[in-house]
Amino acid sequence: MRLSQMLFVTLREDPAEAEIPSHKLLLRAGYIRRIASGVYAYLPLMWRVLQKVSQIVREEMNATGAQECLLPQLQPSELWQESGRWETYTKAEGIMFALTDRQERQMGLGPTHEEVITAIARDCIRSYRQLPLHLYQIQTKFRDEIRPRFGLMRGREFIMKDGYSFHTDEESLKQTYADMDTAYRNIVRRCGLAFQAVEADSGAIGGSGSQEFMVLADAGEDEVLYTEDGSYAANVEKAVSLPPEAEPSPFATYEKRETPDTATIASLCDCLNCSPTQVVKNVLYQAVYDNGTTVLVLVSVRGDRDVNEVKLQNELTRRAGDYDAIALLSLTVPDADAQQKWAANPLPLGYIAPDLADDYIAKQKDVAPKFLRLADKTVENLQSFVTGANETGFHVVGANWGDQFTLPPVVDLNKSMAGDRSLKNSEQVLQTARGIEVGHIFQLGTKYSEAMGATYTDKHGKDKPLVMGCYGIGVSRLAQAAVEQSYDKDGIIWPVEIAPYHAIVTVPNINTKEQMEAAEKLYAELNAAGVETLLDDRKERAGVKFKDADLIGIPYRVVTGRSISEGKVEVVDRATHESRDMAIADVVPTLKQWVEEALAR
RNA sequence: CGGGAUGUAGCGCAGUUUGGUAGCGCGUCGGCUUUGGGAGCCGAACGUCGCAGGUUCGAAUCCUGCCAUCCCGACCA
């Protein structure tokens with residue numbers, strides 16, 4: 001492609017709308033344009049990058065035996081009602097764009113395709129002889145994110161590869177899941193990125209095992225905890241760990257103490273001269289289920305720890321049946337307004353004990369009359385601990401489970417942090433890093449097939465639900481993550497594997513016949529040799545062309561400049577700015593070799 | 001949805017406090033010179049000042065309502 005004929009618009013200044021480097025650079029270098037919040041146009045350079053990422057994904061998927069297809073974006077509400085997700089995905093904090101057509105039919109724009117694919121499987125899969133089967137697509141997805149951000153990182157419309165596998169049993173599922181683990185590692189590696197595979201929470205999609213593929217970058221929205229020896233890595237949402245031991249309690253006897261203005265753990269420890277590890281902190285949450293029932297949850301954790309709200313959500317979802325509900329709609333820390341709706345009396349905030357009386361909850365429909373009390377493992381073995389006295393300005397010290405307080409059901413609700421010890425090997429201490437989630441693989445099991453009646457006939461002639469897995473990779477997100485991981489003050493540095501072009505031939509002065517002729521020849525021969533090459537034949541000064549070439553991040557630059565009269569051109573490596581003079585005849589074979597070497601990685 | 005901020009030329013911004021009819025830099029177009037790291041000079045075009053009301057002789061500027069965008073949080077296969 002000739003730059004003189006291409007839609008090529010770069011910006012000299014950072015656009016005000018962008019915050020992180022990759023977003024600024026993609027806008028400045030003319031790769032993307034924002035059309036609405038979280039909605040972007042992929043301009044010609046970006047589209048080439050996305051196609052390259054897609055092609056790598058396609059090759060690795062096909063290699064595992066998965067088959068490509070294309071599923072509809074516009075989906076009927078009926079399918080989502082069958083799986084039970086219509087309400088949770090469209091109501092309240094739902095992320096599905098929903099619409100009503102002219103026949104008053106309810107439709108949604110697909111944020112994911114479990115329902116559609118399960119419907120297809122229900123129709124097409126009859127026998128165990130057809131299994132296992134793995135279908136995937138590379139498709140635009142729609143999610144009404146509450147707060148889109150960082151360009152393509154969290155958009156409301158984005159490109160994703162999603163695959164769904166069907167099996168007779170868990171064992172077959174685990175085989176495909178393992179194949180996907182390998183395929184995903186290949187994909188991210190082939191895209192030239194440094195990454196970490198981590199244990200993950202499976203969230204609203206459900207299922208058992210799940211793993212995320214994190215591209216490591218400071219702008220990442222997720223926190224990853226890992227051990228130095230590589231034996232453990234997990235998303236902080238999922239991470240388990242061994243917190244530091246509690247310090248022995250200085251309080252020998254149980255008594256109530258006056259502790260004015262100690263609503264925070266730090267001020268309390270100051271006042272009583274004790275360690276946060278001797279305190280039982282009681283945190284109040286408000287859960288709302290899909291049947292409209294509100295449940296007040298009182299969680300007891302050690303004073304130096306935080307509640308992992310994802311773990312709490314999962315626990316509350318498990319307990320949905322206790323309240324005749326199916327799904328949890330929201331989980332919040334109730335503010336003053338929210339408390340007023342159900343509290344019979346003002347709560348002793350900051351001084352709550354694990355036995356806070358249930359009559360703080362005013363009797364009313366849709367509110368569970370008793371607190372759901374839960375204890376994190378960190379408080380289970382505490383002795384002579386400090387906790388609230390249910391009276392503003394007072395705490396109790398020297399308390400014990402079984403004496404003054406009843407230990408609530410114990411669950412792991414601990415939010416792991418850097419510095420904790422690994423459960424796998426207590427010699428290892430957890431480290432922290434930021435990551436961009438570019439891939440996520442799940443063992444779904446029979447959740448959707450059972451809900452939607454997708455069954456097959458086994459060897460013995462019995463109908464059984466299909467065992468499913470699903471596997472996603474964010475194509476547009478991965479492309480931007482690559483920039484986030486690879487740039488310098490001059491612009492983007494694309495890995496050769498996904499760069500929109502491999503090389504750019506820069507003509508410093510298009511009015512010099514020698515320069516133009518050499519450039520035209522190199523441009524034609526490089527492309528013919530399979531080196532995807534741009535020709536900067538614009539009527540611009542050399543400096544402008546160099547700046548633009550650096551900004552858009554093409555891996556190799558060939559300059560037909562100063563030494564042209566000696567039959568030489570300059571070849572510059574974008575990543576290092578390393579430059580060398582090279583005989584014109586050597587350029588094509590050399591670049592061809594460099595590109596082939598890079599692609600073979 | 002809670003908190004914060006911003007909307008003025010294609011992009012980045014000043015002007016708003018103190019009301020008087022819109023400006024700077026970059027970019028764009030034309031000309032001359034220049035020609036290896038975002039050139040210089042000369043000339044030109046480009047604005048419903050986010051939208052709608054209101055106050056006023058007069059509103060980018062003051063008031064009210066709305067909309068959009070961005071940041072923090074909550075949310076997020």
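Computed from a prediction, not measured in an experiment: that's the story for all the values here. In what follows, every heavy atom counts, from backbone to side chain, and hydrogens, waters and symmetry copies are set aside. Letters A, B, ... are given to chains in the order of the sequence lines, protein chains preceding strands, and every chain is numbered from 1.
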Polar side chain donor-acceptor pair, A:Q75 to A:H113, under 3.5 angstrom:
yes

Is there a donor-acceptor contact under 3.5 Å linking the side chains of A:Y448 and A:R85?
yes

Please determine, for the side chain of [X], which listed nucleotide ([options]) has the closest atom?
| X | options | answer |
| --- | --- | --- |
| A:R154 | B:G73, B:G38, B:C76 | B:C76 |
| A:E540 | B:C75, B:C11, B:U28 | B:U28 |
| A:R28 | B:A77, B:G38, B:G37 | B:G38 |
| A:K547 | B:G38, B:C71, B:A77 | B:G38 |
| A:P508 | B:C76, B:C13, B:G36 | B:G36 |
| A:R149 | B:U35, B:C72, B:C76 | B:C72 |
| A:R562 | B:G36, B:C76, B:C70 | B:G36 |
| A:R557 | B:G37, B:A77, B:C72 | B:G37 |
| A:R541 | B:A39, B:A77, B:G36 | B:A39 |
| A:A16 | B:A77, B:G12, B:G36 | B:G12 |

So what does [X] hit on the nucleic acid, given a heavy-atom distance under 4.0 Å: a base, only sugar-phosphate, or nothing?
| X | result |
| --- | --- |
| A:R34 | sugar-phosphate |
| A:D14 | sugar-phosphate |
| A:E570 | base |
| A:R156 | nothing |

Watson-Crick or G-U wobble partner of [N], both distances under 3.5 Å:
| N | answer |
| --- | --- |
| B:C57 | B:G20 |
| B:A44 | B:U28 |
| B:C1 | B:G73 |
| B:G38 | none |
| B:A9 | none |
| B:G65 | B:C51 |

Tell me the interatomic distance from A:M153, atom CE, to B:C71, atom P, rounded to whole angstroms.
13 Å

Without decimals, in angstroms, what is the distance between A:K539 NZ and B:G38 P?
18 Å

Base of B:G37, side chain of A:D550 - is there a donor-acceptor contact under 3.5 Å?
yes

No-H, no-angle donor-acceptor pair, A:T332 side chain to B:A74 base, under 3.5 Å:
no

When you measure from the side-chain N and O atoms of A:R12 to the phosphate of B:G27, is any distance below 4.0 Å, counting only OP1 and OP2?
yes

Given B:A74, is OP1 or OP2 found less than 4.0 Å from the side-chain N or O atoms of A:S330?
no

With A:Y31 as reference, evaluate A:F8, A:W494, A:Y40 under the ring-ring contact (aromatic ring centres under 6.0 Å, His included) test and give the passing residue.
A:W494

Pairwise 5' ranking along RNA chain B for A:P148 and A:G561, keeping only the more 5' one:
A:G561

Could you tell me whether A:D218 atom CG has more than 12 heavy atoms of other residues or ligands within 6.0 Å of it?
no

Indicate yes or no: at least one non-hydrogen side-chain atom of A:F195 is less than 4.5 angstrom from one of A:M214.
no

So do the side chains of A:I492 and A:I552 get within less than 4.5 Å of each other, counting heavy atoms only?
no

